[in-house]
Amino acid sequence: MASNLIFYYDAISQPCRSVLMLLNMAKISYEGKILPLFTGEYRKSAELAAINPQRYLPVIKDSNVQLFESDAILKYVADQYKVANHWYPTDLAKRARINEYMSWHHSNTRQSCIGLFRMVYLAPKFFNKTVDEKQRQEALDKLNKTADFIESYFLKDTQYINSDNISIADLLAVCEFSQLIIVNYDVTQGRPKTAKWMQNIKSTLGNVYEEAHEIVYKYQKEAANA
Amino acid sequence: MSKIDFYSHLASQPCRAVQIFLKMNNIPHEYHLIDLPKEEQTSEAYLKINPFGKVPAIKDGDFCVIESMAILQYLAAKFSTPDHWYPKDAAARAKINEYLNWHHSNTREGATGVFFNAVILPKIRHQPRNEEAITTAKTKLSAALDMIENYFLEGHSFISSNDISIADLFALCEFSQIERIGIDVGKKRPNIKAWRERVIAKIGSHYDEVHETIISFTKRIDLSTEPFE
């Protein structure tokens, strides 16, 4: 079994939170190194650049491997650190269902959520960009289409994404949606299955969810008071 | 063992990746052409198989899988294909997954962005070229190629590995798409040039067979070379 897991992250990053919550739920021991994103400090890290030349978080390093891409990290940790089976089932068909969501996630959930978040929060906050109303509406339409599909397909017959139990697919998805509270957008509005799903996740993850999201609540408060 | 139902149109890059894998591993399958130009992917019948309305999809008996990467991950396990396609070793697999996930927002976004905006939009849908979108896509593609050249192929003969894997199929099929508009990904990148030749050599005769559709499809349109560095 690999050891000496080092996890480089900033909890304000959605994919970082997904990995953080898996590590904490599975009680895996690791050394956490926070590389602040908003201050740009992460760019100075030579350790980060050595693992990911493009300097995106999260990245991990253990005695076996060094790795970026949250999806790959979640799958590696689940398999290598022998977490409870529901996180990434070994049954062929169940695993295919989880892989299906995780593959779809990139160009859909991730792209639509970060697209909106960047446009209405990051660009104005850090680059003084004004929000173009037409583009904002397009981004919202894309996000709504994505959220509608999660409601109607991935949560159609199951409590969690394509599964009756929480998995790494849920960790990836929930963090994209939870980020949007900073910009006052609630994807669960008008989506009862999604609302129930988010409730289930928060209840299953308990304190692990709350602690991972402290930084999100902080920025949400700041944005509300601005 | 019963056949896998494979729903596809070979003008689609991920469909080609799946088709190459099926052929190279002699996986018994039934090919179902989904007529993209006629929008069959949004027909009631096909939406029952893939409610998202995209190709490829597979059916193994009653079990449907959508998303090309999930499809190949499933088939590799189900048919116990040679380990190099999707290694069982956790660390080796992690490096293949690293590329697969990075692919969506990098290789695919760049290459498909260029092809869509330079070919589909103006030549098929007869809409004006969106120069801003093309420039953005080219920048993305260039950065993706640099990363493949300097990181994913650094010290390896294939993507993050010394043998061919499903990661190579996905990258190769994005590049064969933009080759139709004269973009040569290996022109200024020797690692990519050598890698591409290696992968095509491994695939052998299946490569040309699988690419017949996109070649004849693009021959029918008036295509000019798209400038790219």
Side-chain angles (χ1 to χ4, degrees), chain A residues 1-2 15 49-54 56 59-60 62-82 88 90-111 114-115 145-146 148-150 152-154 156 162 169 172, chain B residues 14 47 50-54 57-58 60-80 86-109 112-113 143-144 146-152 154 160 166-167 170:
Chain A
M1 159 115 41
I51 298 171
N52 181 357
Q54 289 180 314
Y56 294 143
V59 306
I60 62 159
D62 70 11
S63 56
N64 237 4
V65 78
Q66 49 189 52
L67 197 57
F68 54 93
E69 286 298 326
S70 54
D71 176 309
I73 292 171
L74 288 165
K75 287 169 173 166
Y76 172 73
V77 167
D79 281 343
Q80 180 70 14
Y81 287 80
K82 306 215 176 355
Y88 193 38
T90 42
D91 170 79
L92 204 55
K94 289 183 178 169
R95 182 165 281 210
R97 285 269 93 86
I98 303 306
N99 284 337
E100 190 181 85
Y101 176 78
M102 290 177 79
S103 178
W104 185 87
H105 175 86
H106 293 275
S107 307
N108 295 280
T109 316
R110 173 70 177 158
Q111 213 178 77
I114 192 67
K145 217 175 138 209
T146 298
D148 286 344
F149 194 73
I150 290 177
S152 68
Y153 177 78
F154 290 110
K156 184 170 175 221
N162 274 359
L172 269 187
Chain B
L47 288 176
N50 181 358
F52 198 55
K54 299 264 158 113
I58 62 161
D60 183 4
D62 287 328
F63 185 66
C64 290
V65 187
I66 64 172
E67 288 296 314
S68 50
M69 289 180 185
I71 289 171
L72 290 193
Q73 288 159 337
Y74 174 77
L75 292 175
K78 169 108 191 203
F79 290 89
S80 302
Y86 192 49
K88 289 205 180 66
D89 172 74
R93 176 168 288 201
K95 298 308 284 185
I96 301 305
N97 282 337
E98 184 183 81
Y99 177 79
L100 290 178
N101 292 290
W102 180 89
H103 175 89
H104 294 276
S105 310
N106 293 276
T107 313
R108 175 133 173 101
E109 197 178 301
T112 298
D146 286 341
M147 188 64 176
I148 292 171
E149 177 76 9
N150 300 316
Y151 173 80
F152 289 107
E154 184 55 37
S160 298
I166 58 179
F170 286 108

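Being a predicted model, the structure only gives us computed values, none of them experimental.
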Worksheet item: B:Phe52 and A:Phe149: aromatic ring centres closer than 6.0 Å?
Response: yes
Discussion item. Please classify the contact of A:Arg110 with chain B as side chain, backbone, both or neither, using a heavy-atom distance under 4.5 Å.
Written reply: neither
Worksheet entry | Flag side-chain contact, heavy atom, 4.5 Å: A:Leu92 against B:Tyr74 | yes
Response to the item:
Minimal heavy-atom distance between B:Ile66 and A:Glu100, with the atoms involved, is N-OE2, 3.0 Å
Worksheet, complete the sentence: Tightest non-hydrogen contact, residues B:Phe63 and A:Ala93, listed as CZ-O, 3.4 Å
Worksheet item: Rounded to the nearest 0.5 Å, how far apart are CG of B:Asn97 and CG of A:Leu67?
Response: 8.0 Å
Worksheet entry | Most chain B-contacting option - heavy-atom pairs closer than 4.5 Å, from A:Ile98, A:Asp79, A:Val65, A:Ile73 | A:Val65
Practice prompt. State yes or no: are the ring centers of B:Tyr151 and A:Phe68 separated by less than 6.0 Å?
Written response: yes
Worksheet item: If you look at every heavy atom in B:Glu98 and A:Glu69, which pair is closest and at what distance?
Response: O-CG, 3.4 Å
Worksheet, complete the sentence: Most contact-rich option vs chain A, by heavy-atom pairs under 4.5 angstrom, among B:Gln73, B:Glu67, B:Lys95, is B:Glu67
Discussion item. Counting heavy-atom pairs under 4.5 Å with chain B, which one of A:Arg97, A:His105, A:Gln111 comes out on top?
Written reply: A:Arg97
Worksheet, complete the sentence: Residues B:Val65 and A:Ala96: closest non-hydrogen pair is CG2-CB, 4.5 Å
Worksheet item: What residues form a salt bridge (Lys or Arg N to Asp or Glu O under 4.0 Å) with B:Asp89, not counting sequence neighbours?
Response: none
Worksheet item: Can you find a pair of side-chain heavy atoms, one from B:Pro51 and one from A:Lys156, that are under 4.5 Å apart?
Response: no
Worksheet item: Does any N or O in the side chain of A:Lys75 come within less than 3.5 Å of the main-chain N or O of B:Ala90, such that one atom is a donor and the other an acceptor?
Response: no
Worksheet item: Which heavy-atom pair separates B:Asn101 from A:His106 by the least distance, and what is that distance?
Response: OD1-NE2, 2.8 Å
Practice prompt. Starting from the C-alpha separation in whole Å, work towards a yes-or-no answer on side-chain contact (heavy atoms from CB on, under 4.5 Å) for A:Ser103 and B:His104.
Written response: CA-CA 8 Å; A:Ser103 178; B:His104 294 276; 3.5 Å; yes
Worksheet entry | Greatest number of heavy atom pairs closer than 4.5 Å to chain A - which of B:Ala77, B:Ala94, B:Ser68 | B:Ala94
